[in-house]
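On a predicted model such as this, the values are computed, not experimentally measured, just so you know. All heavy atoms count here, side chains included; hydrogens, waters and symmetry mates do not.
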Amino acid sequence: HYPYEHVVCYDLETIADQEMQDGSFPPWPRHRPVAGSFLTAEWSPVGYRFKLDTLLCREGREAEFYRKVDSLLPPGGMGVSLNGRNFDNAVLRLQAQRNGLFDLRNIARQAESSRFDVAHLDLLDVFGARPGTSLAELCRALSIPVKTSVTGGDVADLWRSGNVAAVKAYVQEDVIATYILHLHAAAWR
């Protein structure tokens, strides 16, 4: 019963304002987005139409970023992510609240969706994977190219050094791979 006729796959790249002393991955409340990519696939009588939007979250312009994210998430369609239920959606909601934005209904719809809700499909749930299973591992198993030049561990250094083009290319590659992974899941169904 998933609304495959309007899908928005999305992925965030984040940095942690406070790193862990032991070098481990910081808990999600310490993360803030620096980039997000949104691949929209919408059915029309002539087939699917695709659109790719990539946003950067610049310091001092966070409210603009969250409002744009909210406008890209589907009000009636389905959001698709990998571990979005446990990370991306939680980060978006918390950071929007931190910026005093309590009227972002599409972010709220994604963040409040439960497992296997038609508002949001988390591919970790679909594939039966546990948090910590990476996009790279799932894509490698299905021969989907991803993380060809950068990894998530590089994002903070790239962002802080001003190489936003590399961060943007990386998040776009991830969201396209996520969409292809979604197609594998839909074909299985």
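Looking at heavy atoms from C-beta onward, Pro27 lies in side-chain contact with Met20 at the 4.5 angstrom threshold. Under the 4.5 Å side-chain criterion, counting only non-hydrogen atoms from C-beta, Ile15 is in contact with Arg160. Side-chain contact between Thr14 and Asp88 is absent, with no heavy-atom pair separated by less than 4.5 Å. Between Pro26 and Glu19, some side-chain heavy-atom pair lies under the 4.5 Å cut-off. The shortest side-chain heavy-atom distance between Leu94 and Pro29 falls under the 4.5 Å cut-off. Counting only heavy atoms from C-beta outward, the side chains of Val80 and Val8 never approach each other to under 4.5 Å. Contact check for Leu121 versus Val126: side-chain heavy atoms found under the 4.5 Å cut-off. With contacts defined as side-chain heavy-atom distances shorter than 4.5 Å, the pair Tyr48/Glu42 does not qualify.
A tilted orientation is assigned to the rings of His182 and Tyr4, their planes being inclined by 30° to 60°.
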Open item on the list: side-chain contact (heavy atoms from CB on, under 4.5 Å) for Val7 and Trp43? Distances and angles first, verdict last.
Closed with: CA-CA 9 Å; Val7 171; Trp43 179 254; over 6 Å; no

Task: Derivation and outcome, salt bridge (charged side-chain N to carboxylate O under 4.0 Å, His left out), residues Asp53 and Lys51 - done: CA-CA 7 Å; Asp53 292 285; Lys51 184 175 84 161; 3.4 Å; yes

- [ ] Test Phe25 against His31 for ring pair (Phe, Tyr, Trp, His ring centres under 6.0 Å), laying out the working first.
- [x] CA-CA 10 Å; Phe25 191 74; His31 288 260; 4.7 Å; yes

Open item on the list: Set out, in order, the CA-CA distance, both residues' side-chain angles and the distance that settles side-chain contact (heavy atoms from CB on, under 4.5 Å) for Thr133 and Leu124, then state yes or no.
Closed with: CA-CA 8 Å; Thr133 303; Leu124 280 188; 3.9 Å; yes

TODO: Determine, stepwise, if the pair Val164 / Trp159 fulfils side-chain contact (heavy atoms from CB on, under 4.5 Å).
DONE: CA-CA 6 Å; Val164 296; Trp159 182 262; 3.4 Å; yes

TODO: Report the C-alpha distance between Phe87 and Trp28 in whole Å, list the side-chain angles of each, state the deciding distance to 0.1 Å, and finish with yes or no for ring pair (Phe, Tyr, Trp, His ring centres under 6.0 Å).
DONE: CA-CA 6 Å; Phe87 186 79; Trp28 69 263; 7.8 Å; no

Open item on the list: side-chain contact (heavy atoms from CB on, under 4.5 Å) for Phe38 and Val69? Distances and angles first, verdict last.
Closed with: CA-CA 8 Å; Phe38 303 81; Val69 166; 3.7 Å; yes

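Heavy atoms of other residues, nucleotides or ligands lying less than 6.0 angstrom from CZ of Arg130 number 12 at most. More than 12 heavy atoms of other residues, nucleotides or ligands lie within 6.0 Å of NZ in Lys147, so this atom counts as buried by the packing criterion. Within 6.0 Å of the CZ atom in Arg189, the count of heavy atoms belonging to other residues, nucleotides or ligands exceeds 12.
Inspection of the Gln172 and Ser37 side chains reveals no N or O donor paired with an N or O acceptor under 3.5 Å. Between the side chains of Ser161 and Asn163, no donor N or O sits under 3.5 Å from an acceptor N or O.
Between atom CG of residue Asn99 and atom CZ of residue Arg61 there is a gap of 13.5 Å, rounded to the nearest 0.5 Å. Interatomic distance, Glu62 CD to Cys57 SG, rounded to the nearest 0.5 Å: 5.0 Å. Atom OH in Tyr179 sits 15.0 Å away from atom OG in Ser81 (nearest 0.5 Å). The distance from atom CG of Asn83 to atom CG of Asn89, rounded to the nearest 0.5 Å, is 9.5 Å. Atom SG in Cys9 sits 11.5 Å away from atom CG in Asp174 (nearest 0.5 Å). Atom CD1 of residue Ile144 and atom CG of residue Leu181 lie 5.0 Å apart, to the nearest 0.5 angstrom.
Under the 4.5 Å side-chain heavy-atom criterion for grouping Ile, Leu, Val, Met, Phe, Trp and Tyr, Ile180 is connected to Leu52 within one hydrophobic cluster. Ile176 and Tyr170 are members of different hydrophobic clusters when ILVMFWY side chains are connected at heavy-atom separations under 4.5 Å. Leu56 is not connected to Leu39 by any chain of hydrophobic side-chain contacts under 4.5 Å among Ile, Leu, Val, Met, Phe, Trp and Tyr, and they are in different clusters. There is a path of hydrophobic side-chain contacts, each under 4.5 Å, that joins Leu73 to Phe65. Taken together through direct or relayed side-chain contacts under 4.5 Å among Ile, Leu, Val, Met, Phe, Trp and Tyr, Val175 and Leu183 form part of one hydrophobic cluster.
The minimum heavy-atom distance between Pro33 and Leu12, with the atom names listed, is CG-CD1, 4.2 Å. Among all heavy-atom pairs drawn from Ala35 and Val171, the shortest one is CB-CG1, 4.3 Å. Scanning all heavy atoms of the two residues, the minimum distance from His6 to Pro74 falls at CE1-CB, 4.0 Å. For the residue pair His120 and Gly84, the shortest heavy atom distance occurs at CE1-C, 4.1 Å. Contact record, Leu135 with Val146: CD2-CG2, 4.0 Å, taken as the closest heavy-atom pair. In terms of heavy-atom proximity, Ala177 sits nearest to Pro145 at CB-O, 4.2 Å.
Asp122 has no carboxylate O lying under 4.0 Å from a charged side-chain N of Arg115, or vice versa, which leaves the two without a salt bridge. In this structure, Asp17 does not pair ionically with Arg30, as no charged nitrogen and carboxylate oxygen lie closer than 4.0 Å. Taking a cutoff of 4.0 Å between a charged side-chain nitrogen and a carboxylate oxygen, Arg85 and Asp117 do not qualify as a salt bridge. Under 4.0 Å is where a charged nitrogen must lie from a carboxylate oxygen, and between Arg105 and Asp103 no such pair does.
Without hydrogens or angle criteria, Asp154 side chain to Thr151 main chain gives a donor-acceptor distance under 3.5 Å. Side-chain atoms of Asp70 come within 3.5 Å of backbone N or O of Asn106 as a donor-acceptor pair.
Legend: residues meeting side-chain hydrogen bond (donor to acceptor under 3.5 Å, both in side chains) with Arg140, ordered by chain and number and at least two apart, are Glu137. Every residue two or more places apart in sequence or in another chain that forms a side-chain hydrogen bond (donor to acceptor under 3.5 Å, both in side chains) with Gln110 is listed here: Tyr10.
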